Amino acid sequence: MPYSKPAELTKDAPARPERGLSAPKYILYTLLLLGIVFRGFHFLDNRSLWLDEIYVALNVLSSTFQQLTAPLLEYQQKTPIGFLWMVKFSAILFGDQEQALRLVSLLSGIAALCFFVPVCRHWLRPTGQIVALGIMAVAPPLVYHAVEVKQYSMELLATVLCLWLFVRFNGKEEPRDRILWGMAAAVLWFSYSSVFILTGIGAAVCLHLLYKREWKNLWRTCLPFSIWFFSFALHYALITSKQNSEEWLLYWFRHYNSFMPRWSPDTPQWLIHHLYTMLDYPLGLLWNFNNAENTILRTILKMSFLPIAMLLTGIYAFSKTDKQALLLMVLPFVLTLAASALELYPFLNACWCSCPLLPSC
């Protein structure tokens, strides 16, 4: 739940969250260590590569850095160039073994955990910090993808980094700070989905400043946001525009109902179903104990009333205490839905698929 100072401390609206109020460090560090241990265990266990991992691994090992910039790799793979280059560099350093290929994802997963701590401290009460970091640390999908030769763990890190940079630099007046915030544009080369995150953050900040009529601060945001736009335009010109849509890929996502229906009577049902699915994957909040003998326990663990209640409570609390934060969290979601309706980006498992389908994405 978001935390803000009492309303009587300000004249206009509740103050921004109190950053000094934090959950006990030993709890946060324990959860952080637990998440690292889980990821480290699976990394050392070194499970066999599955089919999609093999496709990425073969491309990395058989291609030069320049060849990895091709719009479409062998085996119909579309993967962020930054991720491919880092995996290639790791394979050069440590050899073409499976753990070397998985090292980038492992480090990305651990880094995402570490940067998530200050993000939680900025917006959440101590209890919320513990719950949020606990979910991040032990959610089965997040642990699984942290040791996979796929870009999904880096996609997560890119999102967390965008939020952390907002926390760190939003509202700063020094040109140096604004330039450093503009460096968030680098994530566009490592994560396809980050375009929605950065656009949502930029729109939330601008709408908030327009509403407050803070024209000077609005003008200051032109520097970092211009850097973001330039990086996106460069990435689009060099890479995205050359990635022609593959009919089989469109068929695949249509077959699995990954695109939101456009203004159809089925749209509400589609949204409810997919929002429910997200609680299981990637959040890992629906525990499937199909073999459990206790039917009541199995049913309770499968039900989603608790995470949904917490989600609605958080939305309501943010709407009362920090509308800019609510916009910042909601707008990337809305933008992804819009791209899905246009069949430019799959919403189902979109944060893991992270594959732009059309040059106009």
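Just so it is clear, the model here is predicted, and its values are computed rather than measured.
- Hydrophobic cluster of Y316: no remaining members, since no ILVMFWY side chain lies below 4.5 Å from it.
- Linking Ile, Leu, Val, Met, Phe, Trp and Tyr whenever their side-chain heavy atoms come within less than 4.5 Å leaves L218 and L207 in two separate clusters.
- Take F333 and apply the ring-ring contact (aromatic ring centres under 6.0 Å, His included) test, not counting sequence neighbours, and it matches F347.
- Without hydrogens or angle criteria, E343 side chain to S340 main chain gives no donor-acceptor distance under 3.5 Å.
- Taking the charged nitrogens against the carboxylate oxygens, R102 and E53 do have a contact shorter than 4.0 Å, which makes a salt bridge.
- The heavy-atom pair separating L328 from L163 by the smallest distance is CD2-CD2, 3.4 Å.
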Are L198 and F232 close enough, and set up right, to give a side chain to side chain contact (heavy atoms under 4.5 Å, CB included), and what steps lead you there? CA-CA 10 Å; L198 289 180; F232 169 77; over 6 Å; no
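- The CG atom of N59 sits 12.5 Å away from atom CD1 of I54, with the distance rounded to the nearest 0.5 Å.
- Legend: residues meeting salt bridge (charged side-chain N to carboxylate O under 4.0 Å, His left out) with E148, ordered by chain and number and at least two apart, are absent.
- Formation of a donor-acceptor pair under 3.5 Å by the K323 side chain with backbone atoms of S319 is found in this model.
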L209 vs T221, side chain to side chain contact (heavy atoms under 4.5 Å, CB included): CA-CA, chis, key distance, verdict: CA-CA 10 Å; L209 295 176; T221 62; 3.8 Å; yes
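- Outside the 6.0 Å centre-distance limit, the rings of Y345 and Y192 are not counted as a close aromatic pair.
- Within the 3.5 Å criterion, the main-chain N or O of F65 finds no donor-acceptor partner in the side chain of T69.
- The NE2 atom of H273 lies 9.0 Å from the CH2 atom of W270; values are rounded to the nearest 0.5 Å.
- With a 4.5 Å cut-off on side-chain heavy atoms, V205 and N217 do not count as touching.
- Side-chain atoms of S264 do not come within 3.5 Å of backbone N or O of P261 as any donor-acceptor pair.
- Heavy-atom minimum distance, C114 versus L32: N-CD1, 3.9 Å.
- When the ring-ring contact (aromatic ring centres under 6.0 Å, His included) test is applied to F225, the partners found at least two apart in sequence or on another chain are W181, W228.
- Within the 3.5 Å criterion, the main-chain N or O of N257 finds a donor-acceptor partner in the side chain of H274.
- With hydrophobic clusters built from ILVMFWY side chains whose heavy atoms lie under 4.5 angstrom apart, V87 shares a cluster with I110.
- Under the side-chain hydrogen bond (donor to acceptor under 3.5 Å, both in side chains) criterion, R178 pairs with no residue, sequence neighbours left out.
- By the 6.0 Å contact criterion, CD on E74 is open, its count of non-hydrogen atoms from other residues, nucleotides or ligands being 12 or less.
- The two residues L124 and A132 come nearest to each other via the heavy atoms CD1-CB, 3.8 Å.
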Candidate pair W123 and F166, rule ring-ring contact (aromatic ring centres under 6.0 Å, His included), full reasoning: CA-CA 12 Å; W123 274 307; F166 170 86; 5.7 Å; yes
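- A continuous path of Ile, Leu, Val, Met, Phe, Trp and Tyr side chains, each step under 4.5 Å between heavy atoms, connects V187 with V160, placing both in one hydrophobic cluster.
- Panel note: side chain S105, backbone V149; no donor-acceptor pair is recorded below 3.5 Å.
- Remark: side-chain polar atoms of S194 are not paired, donor with acceptor, to backbone N or O of I197 under 3.5 angstrom.
- Grouping Ile, Leu, Val, Met, Phe, Trp and Tyr by side-chain contacts under 4.5 Å, direct or through others, puts L223 with I179, M183, I227.
- Under a hydrophobic clustering in which Ile, Leu, Val, Met, Phe, Trp and Tyr are joined whenever their side-chain heavy atoms come within less than 4.5 Å, directly or via other members, V143 and L103 fall into different clusters.
- In this structure a side-chain-to-backbone donor-acceptor pair under 3.5 Å is missing from K150 to A146.
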Run the side chain to side chain contact (heavy atoms under 4.5 Å, CB included) test on M86 and L107 for me, step by step, so that the C-alpha distance in whole Å, both residues' side-chain angles and the decisive distance to 0.1 Å come before the verdict. CA-CA 11 Å; M86 291 187 68; L107 296 179; over 6 Å; no
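- Atom CG in L106 sits 8.0 Å away from atom OG in S153 (nearest 0.5 Å).
- Within the 3.5 Å criterion, the main-chain N or O of P332 finds a donor-acceptor partner in the side chain of T336.
- In terms of the ring-ring contact (aromatic ring centres under 6.0 Å, His included) criterion, residue partners of Y55 (sequence neighbours excluded) are, by chain and number, Y75.
- For W215, the CH2 atom counts as densely surrounded, since its 6.0 Å shell holds more than 12 non-hydrogen atoms of other residues, nucleotides or ligands.
- Among residues two or more places apart in sequence or in another chain, the salt bridge (charged side-chain N to carboxylate O under 4.0 Å, His left out) test is passed with R47 by none.
- Following chains of ILVMFWY side-chain contacts shorter than 4.5 Å, one cannot reach F229 starting from I201, and the two form parts of different hydrophobic clusters.
- Residues L84 and L73 have side chains in contact (heavy-atom distance under 4.5 Å, counting atoms from C-beta outward).
- Under the 4.5 angstrom side-chain criterion for Ile, Leu, Val, Met, Phe, Trp and Tyr, I272 has no cluster partners at all.
- Shown here are the ring-ring contact (aromatic ring centres under 6.0 Å, His included) partners of W189, two or more places apart in sequence or in another chain: H235.
- F318 approaches L326 most closely through the heavy-atom pair CB-CB, 4.0 Å.
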With side chain to side chain contact (heavy atoms under 4.5 Å, CB included) as the criterion, how do V334 and V330 come out once you've worked through the C-alpha distance, each side chain's angles and the decisive distance to 0.1 Å? CA-CA 6 Å; V334 173; V330 170; 3.8 Å; yes
Residues 35-44, side-chain donor-acceptor partners within the protein, below 3.5 Å, at least two apart:
unit_1, atom_1, unit_2, atom_2, d
R39, NH1, G35, O, 2.9
R39, NH1, A137, O, 2.8
R39, NH2, M136, O, 2.9

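- Across all non-hydrogen atoms, the minimal contact from L61 to A91 is CD2-CB, 4.0 Å.
- Put simply, the side chain of P80 reaches to within 4.5 Å of the side chain of E155, judged on heavy atoms.
- With sequence neighbours excluded, the residues satisfying side chain to side chain contact (heavy atoms under 4.5 Å, CB included) with L31 are I27, I130, L133.
- Residue-environment remark: CG (D96) stays at or below the threshold of 12 foreign heavy atoms within 6.0 Å.
- Atom CD of Q269 sits in a sparse spot, with 12 or fewer heavy atoms from other residues, nucleotides or ligands closer than 6.0 Å.
- The line from CD of E174 to CG of L180 is 11.0 Å long, rounded to the nearest 0.5 Å.
- Within the model, atoms CD1 of I81 and CG of L238 stand 10.5 Å from one another, a figure rounded to the nearest 0.5 Å.
- With values rounded to the nearest 0.5 angstrom, L156 atom CG is found 9.0 Å from S108 atom OG.
- Scanning both residues, L165 and A184, for their nearest heavy atoms gives CD1-CB, 3.3 Å.
- Remark: side-chain polar atoms of K320 are not paired, donor with acceptor, to backbone N or O of I315 under 3.5 angstrom.
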